[in-house]
> 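Below are the structure tokens for one structure; questions will follow.
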Amino acid sequence: MGYRTYTCSVHRDCGGCSLLTRPYPLQLARKQEEVVELFSGFPEARIEPIIGMEEPLHFRNKILTPFASGKKGRIIHGLYRKHSHQVIAHDDCLVVDERAQPILDAIANLMPSFKMRPYDEDRREGLLRHVLIRTSRSTGEIMVTLVCTRSRFPSQKTFVKVLRERCPEISTVVLNVNGRVTNVVLGEEEHVLFGRGWISDELLGYRFRISSQSFFQTNLSQTEKLYAAAIEAAGLDGTQTVLDTYCGIGTIGIIASGHAAEVVGVERNGRAVRDARSNARANKVDNIRFVEADATDFMRTAAAEGGSADVVLLDPPRAGATPEFLSSLTALAPERIVYISCNPKTQVRDVEMLRERGWRLAGVQPVDMFPHTPHIETVASMTRG
């Protein structure tokens with residue numbers, strides 16, 4: 001059987017698309033096998049066929065690119081060589097929105113004229129560390145964030161003006177300040193150099209405000225399938241109270257609000273909570289509220305105070321949920337749990353802990369959010385057993 005394959009000149013060096021040369025249908029088949037194997041200890045659960053993409057190219061709406069000094073004073077940008085901070089020049093990434101590349105090229109070409117030097121980690125000198133570009137599928141907006149070591153640089157207004165003349169599709173430009181010696185990319189201080197400082201995009205009919213530091217899924221077409229699967233697994237009929245933990249900027253909670261009586265979102269990142277409240281107002285959603293709190297602390301308090309919820313949604317980080325969270329979740333006694341995970345291995349561990357507390361795994365829906373990589377996203381639904 002003949003399958004289409006993809007080629008990239010640097011994929012072996014950067015490691016970002018380690019499965020790129022494997023035909024996509026075979027990638028999906030291997031991921032399906034992995035999920036079936038991981039959940040083999042739950043024979044009562046139905047493992048649905050993995051949801052893949054029709055065309056797994058240029059799906060990422062976010063790119064974070066380091067810059068460096070190349071040969072003969074040339075400024076290069078691209079990707080880090082795997083397991084290092086050596087920048088590999090690259091100008092044709094197959095998974096990133098194609099609108100980002102001309103902007104990165106323009107910045108690199110302008111830098112020498114404005115005496116802007118890329119940051120040198122060894123010498124701890126230079127100005128530009130990274131460029132973050134976020135693109136909107138629905139509005140066409142583009143945000144460019146310059147991650148610099150200082151809050152101002154010479155002729156920055158002129159630089160932004162010339163950049164916009166070369167790339168008029170740019171909607172907003174933000175200066176993020178990170179002068180620390182750290183591997184953390186973004187700093188806390190930001191200044192809007194052009195536009196409103198954020199862009200918006202749509203998911204399943206709802207519009208969301210996205211700033212430079214917002215967590216927003218990078219593959220929107222697959223995110224819609226993921227969230228639709230989660231909402232279906234929740235079995236909402238408009239009467240339930242839904243608890244959305246690790247809620248970020250409120251995406252799935254706001255989408256669920258149209259099918260629920262009330263939604264409570266919990267998120268510890270204050271910036272994300274502010275964005276979530278703004279998103280709820282923008283979408284005229286009045287049956288949702290957001291609490292700024294650590295998810296485990298919130299659940300522990302809610303359980304101690306005799307709180308309850310009909311459905312609990314959780315989408316924790318790769319490390320999964322804490323044992324205290326899962327114990328408190330059981331005390332709330334919801335009718336259904338919908339667990340979205342970017343790491344099925346820790347999800348299996350947590351599901352096993354919930355089974356020991358009387359829960360039953362009803363089904364698992366795998367979704368391929370990141371083609372050409374080993375990563376798999378899964379939606380697990382659990383009912384009280």
Side-chain angles (χ1 to χ4, degrees), residues 60-69 75-80 85 87 93 96-97 99-111 114-121 123-136 141-164 166-167 169-201 208-218 248-249 267-276 278-279:
R60 290 187 64 94
N61 58 24
K62 172 184 174 183
I63 181 172
L64 181 64
T65 302
F67 281 63
S69 297
I75 305 297
I76 63 172
H77 61 84
L79 306 157
Y80 284 129
H85 272 199
V87 177
C93 183
V96 172
D97 188 322
R99 292 175 290 172
Q101 191 60 51
I103 298 172
L104 294 170
D105 292 341
I107 292 172
N109 292 334
L110 285 174
M111 286 175 65
F114 285 85
K115 296 183 172 54
M116 293 174 61
R117 291 185 300 158
Y119 180 68
D120 186 311
E121 289 185 339
R123 297 179 179 179
R124 298 180 183 177
E125 60 182 25
L127 174 69
L128 185 67
R129 301 179 74 133
H130 293 83
V131 171
L132 169 65
I133 296 179
R134 306 187 82 146
T135 59
S136 169
E141 296 170 323
I142 299 176
M143 174 170 56
V144 175
T145 301
L146 308 172
V147 185
C148 297
T149 55
R150 300 188 298 275
S151 59
R152 291 191 61 83
F153 57 89
S155 304
Q156 67 182 31
K157 289 185 178 180
T158 306
F159 175 83
V160 172
K161 179 176 180 292
V162 176
L163 175 62
R164 288 185 52 240
R166 296 194 180 187
C167 306
E169 64 273 21
I170 295 175
S171 307
T172 187
V173 180
V174 176
L175 171 63
N176 179 279
V177 184
N178 186 358
R180 297 173 294 167
V181 180
T182 176
N183 286 330
V184 177
V185 174
L186 297 175
E188 290 296 319
E189 180 184 349
E190 288 194 342
H191 305 278
V192 178
L193 303 184
F194 169 73
R196 59 192 182 185
W198 52 272
I199 61 175
S200 62
D201 212 335
F208 295 94
R209 171 173 168 164
I210 308 160
S211 61
S212 64
Q213 304 201 36
S214 296
F215 173 77
F216 193 68
Q217 295 279 8
T218 57
I249 63 171
E267 170 60 47
R268 69 177 181 179
N269 184 297
R271 189 190 299 265
V273 171
R274 290 192 294 273
D275 282 347
S278 174
N279 287 327

> What distance do Thr135 atom OG1 and Ile103 atom CD1 have between them, rounded to the nearest 0.5 Å?
9.0 Å
> Starting at CD of Glu169, measure out to CD1 of Ile142 and round the result to the nearest 0.5 Å.
5.0 Å
> Hey, does the side chain of Arg164 reach the backbone of Ile170 with a donor-acceptor pair shorter than 3.5 angstrom?
no
> Provide the closest heavy-atom pair for Arg152 versus Leu175 in the form atom of the first, atom of the second, distance.
N-CD2, 4.3 Å
> On the 0 to 90° scale, with breaks at 30° and 60°, tag the Tyr80-His85 ring pair as parallel, tilted or perpendicular.
parallel
> So do Ser151 and Glu189 actually touch side chain to side chain, heavy atoms under 4.5 Å?
yes
> Does CZ in Arg180 sit with more than 12 non-hydrogen atoms of other residues, nucleotides or ligands closer than 6.0 Å?
yes
> Under the side-chain contact (heavy atoms from CB on, under 4.5 Å) criterion, do Val174 and Trp198 qualify, and how do the steps go?
CA-CA 9 Å; Val174 176; Trp198 52 272; over 6 Å; no
> Can you check whether Glu141's main-chain N or O pairs, donor with acceptor, with Asp201's side chain at less than 3.5 Å?
no
> Start with the C-alpha distance between Phe153 and Leu128, add both sets of side-chain angles, then the distance that settles side-chain contact (heavy atoms from CB on, under 4.5 Å), and finish with yes or no.
CA-CA 10 Å; Phe153 57 89; Leu128 185 67; over 6 Å; no
> Would you say Arg129's side chain and Asn178's backbone share a donor-acceptor pair under 3.5 angstrom?
yes
> Measuring from atom CD1 of Ile75 to atom CE of Met116, what distance do you get when rounded to the nearest 0.5 angstrom?
9.0 Å
> Under the salt bridge (Lys or Arg N to Asp or Glu O under 4.0 Å) test, which residues partner Arg117, sequence neighbours left out?
Glu125
> Rounded at 0.5 Å granularity, tell me how far CD1 in Ile63 sits from CG in Asp97.
9.5 Å
> To check you understand the geometry: which heavy-atom pair defines the closest contact between Pro118 and Ser69, and what is its length?
CG-OG, 3.4 Å
> Would you find a donor on one side and an acceptor on the other, under 3.5 Å apart, between the side chain of Ser171 and the backbone of Met143?
no
> Would you find a donor on one side and an acceptor on the other, under 3.5 Å apart, between the side chain of Asn279 and the backbone of Arg209?
yes
> Quick check against the 3.5 Å criterion: does Thr172 have a side-chain atom that pairs as donor or acceptor with the backbone of Phe194?
yes
> What's the shortest heavy-atom distance between Gly78 and Pro66, and which atoms?
O-CD, 3.3 Å
> Could you walk me through whether Gln213 and Thr145 satisfy the side-chain contact (heavy atoms from CB on, under 4.5 Å) test, starting with their C-alpha distance in whole Å, then the side-chain angles of each, then the deciding distance to 0.1 Å, before giving a yes or no?
CA-CA 10 Å; Gln213 304 201 36; Thr145 301; over 6 Å; no
> Using the side-chain contact (heavy atoms from CB on, under 4.5 Å) rule, take Val131 and Val147 through it: C-alpha gap first, then chi angles, then the decisive distance, then the call.
CA-CA 6 Å; Val131 171; Val147 185; over 6 Å; no
> Show the nearest heavy-atom pair for residues Ala106 and Leu163, with the distance to one decimal.
CB-CD1, 4.0 Å
> Measure the spacing between NZ of Lys161 and CZ of Arg166 and express it to the nearest 0.5 Å.
12.0 Å
> Can you check whether Val96 reaches Ile133 side chain to side chain, under 4.5 Å on heavy atoms?
no
> So how far is it from Ile199 CD1 to Asn61 CG, rounded to the nearest 0.5 Å?
7.5 Å
> Can you give me the closest heavy-atom contact between Phe208 and Phe216, atom names plus distance?
CB-CE1, 3.9 Å
> Examine distances only and state if a side-chain atom of Asn176 and a backbone atom of Gly187 form a donor-acceptor pair shorter than 3.5 Å.
yes
> Determine whether Leu146 and Gln156 make a side-chain contact, defined as any pair of heavy atoms from C-beta on separated by less than 4.5 Å.
no
> Determine all donor-acceptor pairs shorter than 3.5 Å in which one atom belongs to a side chain in residues 267-276; sequence neighbours excluded.
residue: Glu267; atom: OE1; partner: Gly248; partner atom: N; Å: 2.8
residue: Glu267; atom: OE2; partner: Asn269; partner atom: N; Å: 3.0
residue: Asn269; atom: OD1; partner: Arg271; partner atom: N; Å: 2.9
residue: Asn269; atom: OD1; partner: Ala272; partner atom: N; Å: 2.9
residue: Arg271; atom: NH2; partner: Glu188; partner atom: OE1; Å: 3.4
residue: Asp275; atom: OD2; partner: Ser211; partner atom: OG; Å: 3.4
residue: Asp275; atom: OD2; partner: Ser214; partner atom: OG; Å: 2.9

> Looking only at non-hydrogen atoms, find the nearest pair between Ser136 and Ser200 and report the distance.
OG-O, 2.7 Å
> Fit a plane to each ring of His77 and Phe67, take the angle between them on a 0 to 90° scale, and name the class: parallel (under 30°), tilted (30 to 60°) or perpendicular (over 60°).
tilted
